[in-house]
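Both ligands and their constituent atoms are indexed starting at 1 by order of listing.
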Amino acid sequence: MGSALEAVSASTAPWLHLDIMDNRFVPNLTFGPKMVADLRKRSSLFFDAHLMTVEPESLVDQFVDAGADALTFHLEACVHAHRLLERIRAKGIKAGISIVPSTPVSALIELLDYADMVLVMTVNPGFGGQSLIQSCVQKIAALARMRSERGLDFLIEVDGGINASNYSSLVHNGADVLVMGNAFFQSEDKAALVRSVQQNTAGQ
Ligand code: ZN
């Protein structure tokens, strides 16, 4: 984790995306708030925590205390998503909501006024290295449309299978935040990859 953090810090990527998996909501297990707190001591990057867990409401305080700057949870894991978005916002950090590939954008209609960020999963969450599901790209465009029709300003984040050859179509459809895992860590020149994404998307 230390060397991964150094690699991100050495690039111009402004955010560190933290995938929290609980082996219940997704079939994999990563790390918890202690790891985030330990990373926080070594980094001033924006910490973008993505909770792929059941009962996300039980984890909010711990991840806020650990130093998360944004906390995103899954609509599918939470009955009272409106309440949870408001609770996260009241902590003074960005509140995000995410949907898996099988959840339609329409399920978010009542929540968009209360979210600082909407995270569109373009793979089924649980593992890195999967291919982007192309049919999810239209969800980005649909969200961007809803955002402009309603005069809202939430960020659209995309996570899953993003690489140097497919990111521009996501930005073209309205994505503001791109999460890269394998494409970044397997790149020979990580800083150059981030720089080229930033240059190619500047002003979009
Ligand atoms: Zn994620």
Side-chain angles (χ1 to χ4, degrees), residues 1 4-5 7-8 11 13-33 35-36 39-40 43 45-57 59-60 62-64 66-78 81 84-85 88 93-103 105 107-108 111 115-133 136-137 139-140 143 154-164 166-167 170-171 173-187 190 193-194 197:
M1 287 300 278
L5 179 62
V8 177
S11 76
W15 286 22
L16 181 70
H17 186 81
L18 299 154
D19 280 328
I20 315 298
M21 304 185 186
D22 68 347
N23 199 39
R24 291 181 68 201
F25 184 69
V26 291
N28 202 352
L29 192 60
T30 57
F31 51 86
M35 176 66 80
V36 176
L39 292 170
R40 181 80 287 172
S43 173
L45 288 165
F46 185 95
F47 277 13
D48 177 31
H50 177 192
L51 296 180
M52 287 173 269
T53 71
V54 298
E55 299 167 12
E57 58 278 4
L59 291 165
V60 166
Q62 292 179 69
F63 278 98
V64 170
D69 297 297
L71 209 44
T72 295
F73 64 93
H74 271 268
L75 175 66
E76 303 87 359
C78 184
L84 190 52
L85 284 169
I88 296 170
I93 64 170
K94 278 192 197 303
I97 185 137
S98 183
I99 51 173
V100 300
S102 60
T103 301
V105 160
L108 294 167
L111 296 167
D116 299 306
M117 189 154 67
V118 175
L119 196 173
V120 177
M121 287 293 313
T122 42
V123 300
N124 288 293
F127 299 93
Q130 302 183 70
S131 297
L132 182 140
I133 300 168
C136 293
V137 176
K139 292 163 114 178
I140 302 166
L143 270 170
F154 58 84
L155 295 170
I156 300 175
E157 179 173 32
V158 188
D159 186 4
I162 301 177
N163 58 40
N166 62 17
Y167 74 85
L170 309 177
V171 174
N173 275 280
D176 306 292
V177 182
L178 304 172
V179 178
M180 280 196 190
N182 269 34
F184 176 83
F185 287 106
Q186 291 180 1
S187 167
K190 299 172 178 59
L193 170 68
V194 175
V197 172

Distance in Å, Leu85 CG paired with Leu71 CG, rounded so as to fall on 0.5 Å steps | 10.0 Å
Return the name of the atom in His50, of element N, O or S, nearest to the Zn ion (ligand 1).
-> ND1
Just by modelled atom types, is the Asn163 backbone N or O under 3.5 Å from a matching donor or acceptor in the Asn166 side chain?
-> yes
Residues His17 and Asp19: side-chain donor-acceptor under 3.5 angstrom = yes
In Asp19, the N/O/S atom nearest the Zn ion (ligand 1) carries the name OD1
Output the atom name for the N/O/S atom of Asp159 with the smallest distance to the Zn ion (ligand 1).
-> OD2
Roughly how far, to the nearest 0.5 Å, is the SG atom of Cys136 from the CG atom of Asp159?
-> 11.5 Å
